[in-house]
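Structure first, then comments.
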Number of protein chains: 2
Amino acid sequence: MAEKQYRIGEFAKLVGLSTYTLRYYEDQGLILSQRDDNGVRFYTEHDIRWVGFILHLKGTGMRLNELKRYVKLRAEGDSTIGERREMLQQIKNEAEAEISERQMHLKVLEHKIKWYDEKQAHTIDDSETFHDYLQRFHD
Amino acid sequence: MAEKQYRIGEFAKLVGLSTYTLRYYEDQGLILSQRDDNGVRFYTEHDIRWVGFILHLKGTGMRLNELKRYVKLRAEGDSTIGERREMLQQIKNEAEAEISERQMHLKVLEHKIKWYDEKQAHTIDDSETFHDYLQRFHD
DNA sequence: AAACACCTTCGAGTGTACTGTAAGGCAAGA
DNA sequence: TCTTGCCTTACAGTACACTCGAAGGTGTTT
């Protein structure tokens, strides 16, 4: 049984990207498409998996340029596995650092929300260590 | 003892923004500055705290437009506290959702790194539940 | 006197990742 | 036949948040 083939419109809906974006990614060398006798693009399950993966990478914060580089290395074969691993490791480190930073900022925001609640209830009573720093942000 | 006053250049270094950005934020209504007799901007500790706070808000993912709205509400007084609280709560929810999503993408990336390591060591042995899904991304 | 830091308005440039349009053409289905 | 969906190249437009430069000015410091 031959694998199902999807034309760009159907494929776009499947992977959640626009046809514009799919052609754009192809221009950029991130994805490949096969063509039928009329030159019309078609995609298979394999392409769904690949697009799924690059969306995961993008979701971690990887940029198109980095993705391009990654794809280029991948095309060069197994000898570049070490380098690819290092790329992913770096992306991972950066993403984790950004998440921590964002969580720190969120702590301040949470504290402000709490402060609003207390102010509304006229029952301000706070003795956390964090308190001194945070008080500076309240009028 | 009068509070120290900072001109824009010094202040920019203190808060980690460029003088361009400070004037831009002022144009946008995010910050205010006092002026000396010659019309030269100066800032005080109070402004350091305020800029610190808006940088925390920005750090959670809040956009300039939202920040503008927040500042406008703040200027309207305590009657808008409820609305401000809701704004912050929404930003918090969005930020937490984005963090979770990013962590999910990171899990895939981590798995790929692990897969590279195993491939390099020729000892692939993996029996996690997650495994079936993730295998789809490896060539 | 020259250098320096600041002031103004206004508009152009930067980077990222798309998103869309124009203008022309092909092939299959109702 | 007409519509729909696809194809191409090439370029303009969008959103966001700056970032910078021009061109003219003031006041303080060396």
Side-chain angles (χ1 to χ4, degrees), chain A residues 4-44 47 51 53-72 91 94-95 98 101-102 105, chain B residues 4-44 47 51 53-72 91 94-95 98 101-102 105:
Chain A
K4 168 113 209 250
Q5 297 183 353
Y6 308 93
R7 289 172 63 171
I8 199 169
E10 196 182 358
F11 187 66
K13 277 167 199 154
L14 276 174
V15 298
L17 294 173
S18 69
T19 58
Y20 297 128
T21 304
L22 286 171
R23 292 199 198 93
Y24 173 67
Y25 280 4
E26 189 172 324
D27 280 350
Q28 301 299 304
L30 298 187
I31 54 184
L32 287 173
S33 59
Q34 300 176 75
R35 304 300 180 109
D36 68 15
D37 293 343
N38 297 311
V40 173
R41 283 175 185 82
F42 69 87
Y43 305 88
T44 65
D47 299 305
V51 171
F53 182 58
I54 71 177
L55 290 181
H56 278 307
L57 293 186
K58 265 185 61 59
T60 63
M62 202 165 170
R63 298 170 178 293
L64 288 206
N65 276 344
E66 298 171 303
L67 220 22
K68 282 185 210 173
R69 173 156 171 64
Y70 181 84
V71 172
K72 192 173 150 273
I91 296 294
E94 288 167 4
E98 278 171 39
E101 209 186 302
R102 201 147 177 198
H105 291 306
Chain B
K4 169 115 209 250
Q5 297 184 352
Y6 308 93
R7 291 173 64 171
I8 199 169
E10 196 183 356
F11 187 66
K13 277 168 199 151
L14 276 174
V15 298
L17 294 173
S18 70
T19 58
Y20 297 126
T21 304
L22 286 171
R23 291 199 199 93
Y24 173 68
Y25 280 5
E26 190 172 324
D27 280 351
Q28 301 299 306
L30 299 186
I31 53 183
L32 287 172
S33 61
Q34 299 176 77
R35 304 299 180 107
D36 68 15
D37 294 343
N38 297 310
V40 173
R41 284 174 185 83
F42 70 87
Y43 304 88
T44 65
D47 299 305
V51 171
F53 181 57
I54 70 177
L55 291 181
H56 279 308
L57 293 187
K58 265 184 63 58
T60 62
M62 203 164 169
R63 298 170 179 293
L64 288 206
N65 275 345
E66 299 172 303
L67 220 23
K68 281 185 209 175
R69 171 154 173 65
Y70 181 83
V71 171
K72 193 174 150 273
I91 296 295
E94 288 166 5
E98 277 171 41
E101 208 187 302
R102 200 147 177 198
H105 291 306

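Lettering follows sequence order; numbering is per chain, from 1. The basis for the numbers below is simple: all heavy atoms, side chains too, and nothing from hydrogens, waters or symmetry mates.
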For [X] and [N], give me the distance from atom [atom1] to atom [atom2], rounded to whole Å.
X	N	atom1	atom2	result
B/Leu64	D/dT19	CG	P	11 Å
B/Arg63	D/dT14	CZ	P	18 Å
B/Asp27	D/dT19	CG	C1'	13 Å
B/Glu26	D/dC18	CD	P	15 Å
B/Leu30	D/dC16	CG	C1'	14 Å
B/Leu55	D/dC18	CG	C1'	14 Å
B/Asn65	D/dC16	CG	P	6 Å
A/Tyr6	D/dC6	OH	P	15 Å

Flag if over 12 foreign heavy atoms under 6.0 Å of [atom1], [X]:
X	atom1	result
A/Lys13	NZ	no
A/Lys72	NZ	no
A/Leu32	CG	no

- Query: Looking across every strand, which nucleic acid part, if any, lies under 4.0 Å from B/Thr19 by heavy atom: base, sugar-phosphate, or nothing?
  - Reply: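 No contact.
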- Message: For B/Arg35, is there an ion pair with B/Glu26 - N to carboxylate O distance below 4.0 angstrom?
- Response: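 Here B/Glu26 pairs with B/Arg35 in a salt bridge, since their nearest N and O are under 4.0 Å apart.
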- Query: A/Asn38 or A/Tyr25: which one's nearest nucleotide on DNA chain C is closer to the 5' end?
  - Reply: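 Whichever sits nearer the 5' end wins; that is A/Tyr25.
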- Message: Applying side chain to side chain contact (heavy atoms under 4.5 Å, CB included) to B/Tyr25 and B/Val51, what does each step give before you reach the verdict?
- Response: CA-CA 10 Å; B/Tyr25 280 5; B/Val51 171; over 6 Å; no
- Hey, is the side chain of A/Arg23 poking within less than 4.0 Å of OP1 or OP2 on D/dG5, counting only N and O atoms?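 Looking at the OP1 and OP2 atoms of D/dG5, neither is under 4.0 Å from any side-chain N or O of A/Arg23.
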- Query: Can you tell me if the side-chain N/O atoms of A/Arg35 get under 4.0 Å from OP1 or OP2 in D/dT8?
  - Reply: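 Result: yes.
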- Audit row: B/Leu30, B/Leu64, side chain to side chain contact (heavy atoms under 4.5 Å, CB included) steps and yes/no: CA-CA 8 Å; B/Leu30 299 186; B/Leu64 288 206; 3.9 Å; yes
- Message: Reading DNA chain D from 5' onward, which residue's closest nucleotide shows up sooner: A/Ile8 or B/Tyr24?
- Response: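 Upstream on the strand: A/Ile8.
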- If you find the nucleotide of DNA chain D closest to B/Met62 and the one closest to B/Arg7, which residue's nucleotide is nearer the 5' end?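 Its nearest nucleotide lies further toward 5', so the answer is B/Met62.
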- Message: Using side-chain heavy atoms (C-beta onward) and a distance below 4.5 Å, is B/Lys68 in contact with B/Val71?
- Response: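 Sidechains of B/Val71 and B/Lys68: no contact.
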- What are the bounds, 5' to 3', of the part of DNA chain C that sits under 4.0 Å from heavy atoms of chain A?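 Here the contact window of chain A covers C/dT16 to C/dA27.
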